[in-house]
Amino acid sequence: MKKKISFIFGTRPEAIKLCPLITAMQAHPAMKPHVCVTGQHREMLDQVLVVFEVVPDVDLSLMQQRQTLGGLTSRAIASIDAYLAEHKPDMVIVQGDTTTAFCAALSAFYHKIPVAHVEAGLRTWNRYSPFPEEMNRVLVTRLAELHFVPTMMSRDNLLKDGILSDRIFVTGNTVIDALLTAVEKVKCNSPDIPSLPSFLMNSALDNPLVLITGHRRENFGKGFENICHAIAELARRFPETHFVYPVHLNPSVREPVYRILNQSAIGAALLAVKNIHLIEPLSYLPFIRIMDRAMLILTDSGGVQEEAPSLGKPVLVMRDTTERPEAVAMGTAKLVGTDVESIVENVSVLLTDRVAYEAMANAVNPYGDGRACGRIIGVCAQILSGVKVRPTEQGKF
Ligand code: UD1
Ligand code: UDP
């Protein structure tokens, strides 16, 4: 009989990074994926499931507007506990560092079901940055039995954390599997982006485009206000450049963004120039299209930091720490924090200094080669069939 593997996830990035693995596992002769979404995100999760054609077996529909960490955590543990009691999987797979990932790992541990952690080993070593993700992933590490790390640096982090080397598998990040599939689909059939004026997508030279995303809790308040003031200043300084910002659905993000860039006197003046575009979150394929069209990316997102270097796009990271130092080391990403002057200065340099721009715009791929899912499935299959996977047999990326 096939082993039942539960994938438990709830947010947009978890879905993007797990759907290619689920699809690949569906074809495996010895394993059967069972998909349980917590619905920690609703609209942004559903957008991804549609793209990858993954239909959940169970949807716990947990999202509430302005949910708190404590409220979501307690509801998630109760619901996942009931799910596990009913479906009794042979293994639970979680991804990353969200509340869903932590709650699923803890609930599986309570049921003595082995947990495999995809995208293990990321660390800033600062418990409050990113918050609460750094603590979530530290706790998932303690709970998991298998650790699929994207890079050698993340492997080193786990060794430093006391995890035995024969439990760690270097696979690359599944986001690159997702990205490469998406890039092919976009090439074959370029998706429309109706929320943007059509000339924008076709005029790369006349109209440079800066893509912006952001949602980190540690940037709420002053950080997001600074980010908005920096975008406003840049839009004034560079009237030919378009600033495209798909705004995350978290109300703590939307409130300052729409207040400062849309409703205030600053916003009214900028709307007249029409070079700031506040749009709804994009589905994955349109987002890849706009990333590819962008000259540079300003973000605090984890996934975008991993995808952009593959597309040869410089990334300015609006944070003080990153658990993804590989792209910084390769020179395609730079930490700029959330000070207005720092953001304005760093974007201005890239928009005006060709040499500085070319130095960052390298198509490098430190996070994967698009074959992470195959490696993960190979290890899971061997472990579930009782074969001891020796370190020498591990997939090395
Ligand atoms: C969550 C994760 C974060 C991840 C991010 C990806 C935690 C604690 N946070 O942060 O690690 O990087 O997702 O985007 O796990 N909302 C909607 N519709 C949606 C999604 C969100 O309305 O589809 C609104 C709701 O009001 C919700 C709020 O956003 O209560 C916050 O959602 P939540 O998942 O708690 O936090 P994120 O900031 O999205
Ligand atoms: N993304 C998307 N639409 C958007 C913005 C981002 O599909 O409008 C994708 C992006 O390509 C990346 C992922 O969402 O794969 C990142 O999600 P997010 O920034 O919400 O979370 P993080 O990666 O920071 O946890």
Side-chain angles (χ1 to χ4, degrees), residues 9-20 37-52 61-73 75-76 94-104 119 122 130-137 140 173-179 182-183 186 191 193 195-196 211-220 224 244-255 278-292 294 297 299-308 310-311 313 315 317-319 322-324 367:
F9 58 98
T11 66
R12 170 171 69 189
E14 292 166 274
I16 289 170
K17 292 170 174 180
L18 285 180
C19 281
V37 296
T38 60
Q40 174 178 337
H41 281 175
R42 187 69 282 162
E43 300 88 340
M44 286 160 50
L45 171 69
D46 294 344
Q47 268 184 333
V48 182
L49 296 173
V50 168
V51 171
F52 288 93
S61 293
L62 293 181
M63 196 192 87
Q64 294 179 353
Q65 285 303 327
R66 293 189 177 274
Q67 58 205 6
T68 61
L69 293 176
L72 174 64
T73 300
R75 288 182 289 116
V94 301
Q95 197 284 333
D97 49 23
T98 65
T99 294
T100 290
F102 163 59
C103 294
E119 197 185 78
L122 276 61
F131 176 81
E133 290 84 3
E134 177 75 0
M135 188 54 72
N136 282 345
R137 56 198 175 210
V140 174
N173 198 312
T174 57
V175 77
I176 304 300
D177 301 35
L179 176 71
V183 165
V186 168
I193 308 184
S195 48
L196 289 175
L211 178 63
I212 302 150
T213 78
H215 66 82
R216 301 245 81 96
R217 273 177 164 70
E218 58 276 14
N219 286 344
F220 287 177
F224 267 99
V244 174
Y245 186 171
V247 187
H248 194 283
L249 293 181
N250 193 327
S252 302
V253 174
R254 294 174 83 80
E255 188 282 322
L278 303 181
I279 59 175
E280 293 304 305
L282 290 168
S283 181
Y284 193 49
L285 299 184
F287 189 75
I288 298 303
R289 182 172 177 217
I290 194 98
M291 254 207 295
D292 200 34
I297 300 171
T299 190
D300 66 15
S301 160
V304 174
Q305 282 179 66
E306 292 154 347
E307 293 161 338
S310 279
L311 299 172
K313 306 297 170 178
V315 192
V317 182
M318 298 183 291
R319 292 174 51 186
T322 182
E323 58 292 274
R324 293 167 172 90
Y367 297 109

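Whatever order the structure lists them in is the order used to number ligands and atoms, beginning at 1.
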- Quick one: are Leu282 and Ser195 in side-chain contact, heavy atoms under 4.5 Å? yes
- Task: Take every heavy atom of Arg216, measure it against each atom of ligand 2, and state whether any distance is under 4.0 Å.
- Result: yes
- Item | Nearest protein heavy atom with distance in Å, relative to atom 9 (C) of ligand 2 | Ile16 CD1, 3.6 Å
- Note on the structure: Closest non-hydrogen contact found for His41 with Arg12 is ND1-N, 3.2 Å
- atom 25 (O) of ligand 2 sits nearest the protein heavy atom Pro13 CG, 3.4 Å
- Within the structure, does His248 bring an N/O atom to less than 3.5 angstrom of an N/O atom in ligand 2? no
- Starting from atom 23 (O) of ligand 2, locate the nearest protein heavy atom and write down its residue, its atom name and how far away it is, to 0.1 Å. Gly303 N, 2.7 Å
- Query: Which protein heavy atom lies closest to atom 1 (N) of ligand 2, and at what distance to 0.1 Å?
  - Reply: Phe287 CD2, 3.6 Å
- Item | Val50 and Ser283, any side-chain heavy atoms less than 4.5 Å apart | no
- Query: What are the two closest non-hydrogen atoms of Tyr284 and Glu307, and how far apart are they?
  - Reply: OH-OE2, 2.9 Å
- Message: Using a 3.5 Å cut-off on N or O atoms only, is Val175 in polar contact with ligand 2?
- Response: no
- Query: Numbering the atoms of ligand 2 from 1, which are under 4.0 Å from a heavy atom of Pro281?
  - Reply: 8 (O)
- Query: Are any non-hydrogen side-chain atoms of Val94 and Phe9 less than 4.5 angstrom apart?
  - Reply: no
- Message: Within this structure, what is the CD1-CD1 distance for the pair Ile290 and Ile193, rounded to the nearest 0.5 Å?
- Response: 4.5 Å
- Query: Is the closest side-chain donor-acceptor distance between Thr213 and Thr299 under 3.5 Å?
  - Reply: yes
- Report the residues that fulfil side chain to side chain contact (heavy atoms under 4.5 Å, CB included) with Glu43, sequence neighbours left out, ordered by chain and then residue number. Met63, Leu249
- Item | Tyr284, portion touching ligand 2 at heavy-atom distance under 4.0 Å | both
- Query: Can you tell if the side chain of Pro246 reaches within under 4.5 Å of the side chain of Leu211, non-hydrogen atoms only?
  - Reply: yes
- So which bit of Glu307 gets within less than 4.0 Å of ligand 2, heavy atoms only: side chain, backbone, both or neither? side chain
- Task: Assess the side chains of Thr100 and Glu14: does a donor N or O sit below 3.5 Å from an acceptor N or O?
- Result: no
- Closest to atom 21 (O) of ligand 2 by heavy-atom distance, out of Gln305, His215, Arg12, is His215
- With a 4.0 Å cut-off, would you call Glu119 and Arg137 a salt bridge? no
- Item | Nearest option to atom 24 (O) of ligand 2, as decided by whichever heavy atom of Gly96, Pro286, Gly302, Ala308 sits closest | Gly302
- Query: Would you say ligand 2 has an N or O under 3.5 Å from any N or O of Ser301?
  - Reply: yes
- Nitrogen or oxygen of Leu282 less than 3.5 angstrom from that of ligand 2: yes
- Atom-level proximity to ligand 1, residues with heavy atom under 4.0 Å: Thr11, Pro13, Gln40, His41, Arg42, Glu43, Met44, Met63, Gln64, Gln65, Arg66, Gln67, Leu69, Thr98, Thr99, Pro132, Glu133, His215, Arg216, Arg217, His248, Leu249, Asn250, Pro251
- Task: Let me see the working for Arg217 and Glu133 under salt bridge (Lys or Arg N to Asp or Glu O under 4.0 Å), right down to the final yes or no.
- Result: CA-CA 10 Å; Arg217 273 177 164 70; Glu133 290 84 3; 5.3 Å; no
